[in-house]
Amino acid sequence: MKLKLLSTAAAATALTIGIASSPAQADDSYTWYFEDVYVGDTWAGRAGFKDLGDYILVSDKRADGLRAVTEWKTDYGRSGTCHDADGADNGDITCNYDMSESGEVNFRVVLRNGADGANQYASSWNGWVPIS
């Protein structure tokens with residue numbers, strides 16, 4: 001198994017994990033893309049997308065009473081949210097969506113007060129990444 005960590009100037013990171021396989025087997029490699037939000041110098045939340053299986057991740061990293069939410073949208077008009085509502089540092093929340101394999105997804109992490117509160121802090125949008 002190989003592990004490779006990449007980062008962009010926008011502070012997004014992609015974690016690529018590949019499992020070696022013969023040409024007759026399915027390719028089980030996938031990429032995690034991440035986007036983080038900071039409050040001052042404190043890491044406060046993380047959003048992620050796993051291109052194999054269409055998983056959206058969210059993680060609340062700061063005990064501040066705010067909820068971490070991943071907002072996502074596709075290039076073909078779908079959008080949604082994935083919420084971490086169980087407090088800070090309690091592990092990641094993963095939401096599974098069935099997305100078009102020929103599309104692209106863009107996402108960011110926001111911190112808000114409750115499910116429908118106004119966004120208090122937000123990361124940059126990650127940039128369009130392929131759904132495979």
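Positions are given from 1 along the sequence.
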*Interatomic distance, N106 atom CG to S124 atom OG [nearest 0.5 angstrom]*: 10.0 Å
*Can D36 and W43 be counted as having a side-chain donor-acceptor contact under 3.5 angstrom?*
yes
*For E35 and R46, run side-chain contact (heavy atoms from CB on, under 4.5 Å): C-alpha distance rounded to whole Å, both residues' side-chain angles, the deciding distance at 0.1 Å, then the answer.*
CA-CA 6 Å; E35 192 65 36; R46 168 167 276 184; over 6 Å; no
*side-chain contact (heavy atoms from CB on, under 4.5 Å) between L57 and W32: does it pass, once the steps are laid out?*
CA-CA 9 Å; L57 172 139; W32 271 106; 3.7 Å; yes
*asked:* Parallel, tilted or perpendicular, judged at 30° and 60°: which one describes the rings of F107 and F49?
replied: tilted
*Which pair of heavy atoms, one from A88 and one from A63, lies closest together, and at what distance?*
CB-N, 3.4 Å
*Group every Ile, Leu, Val, Met, Phe, Trp and Tyr by side-chain heavy-atom contacts under 4.5 Å, then state whether Y38 and V109 land in the same group.*
no
*According to a 4.5 Å side-chain heavy-atom criterion applied to Ile, Leu, Val, Met, Phe, Trp and Tyr, with indirect links allowed, do V37 and L66 form part of one hydrophobic cluster?*
yes
*Please report the closest heavy-atom contact between D60 and A44, naming both atoms and the distance.*
OD1-O, 3.6 Å
*asked:* With a 4.5 Å cut-off on side-chain heavy atoms, are N119 and L111 touching?
replied: no
*Spell out, yes or no, whether Y30 and W128 are grouped together once hydrophobic residues are joined by side-chain heavy atoms under 4.5 Å, including indirect joins.*
no
*Are the side chains of Y97 and C82 in touch, meaning some heavy atoms are under 4.5 Å apart?*
yes
*Considering only heavy atoms from C-beta outward, does the side chain of Y33 approach that of K50 to under 4.5 Å?*
no
*Rounded distance [0.5 Å steps], OG1 in T70 versus CZ in R108*: 11.0 Å
_Please find the pair of heavy atoms, one from A115 and one from H83, that lie closest to each other, and give the distance._
O-CE1, 3.5 Å
_Close side-chain approach of I131 and D54, heavy atoms under 4.5 Å_ = yes
Which atom pairs, one a donor and one an acceptor, fall under 3.5 Å between side chains of residues 89-96 and the rest of the protein, sequence neighbours left out?
{"from": "N90", "atom 1": "ND2", "to": "D86", "atom 2": "O", "distance (Å)": "2.5"}
{"from": "D92", "atom 1": "OD1", "to": "S59", "atom 2": "OG", "distance (Å)": "2.9"}

*State which residues pass salt bridge (charged side-chain N to carboxylate O under 4.0 Å, His left out) with D64; sequence neighbours excluded, sorted by chain then number.*
R62
*Student check: side-chain heavy atoms of Y121 and R112 closer than 4.5 Å*: no
_Cluster overlap V129 with I56, hydrophobic side-chain contacts below 4.5 Å_ = yes
*asked:* For a salt bridge (charged side-chain N to carboxylate O under 4.0 Å, His left out) check, start with the C-alpha distance between E104 and K73, then their side-chain angles and the critical distance, and finish with the verdict.
replied: CA-CA 9 Å; E104 292 184 316; K73 58 187 175 182; over 6 Å; no
*Taking C-beta and beyond as the side chain, do M99 and Y55 meet within less than 4.5 Å on heavy atoms?*
no
*asked:* Test side-chain contact (heavy atoms from CB on, under 4.5 Å) on E71 and W125; report intermediate values, then the result.
replied: CA-CA 9 Å; E71 297 178 333; W125 285 94; 4.1 Å; yes
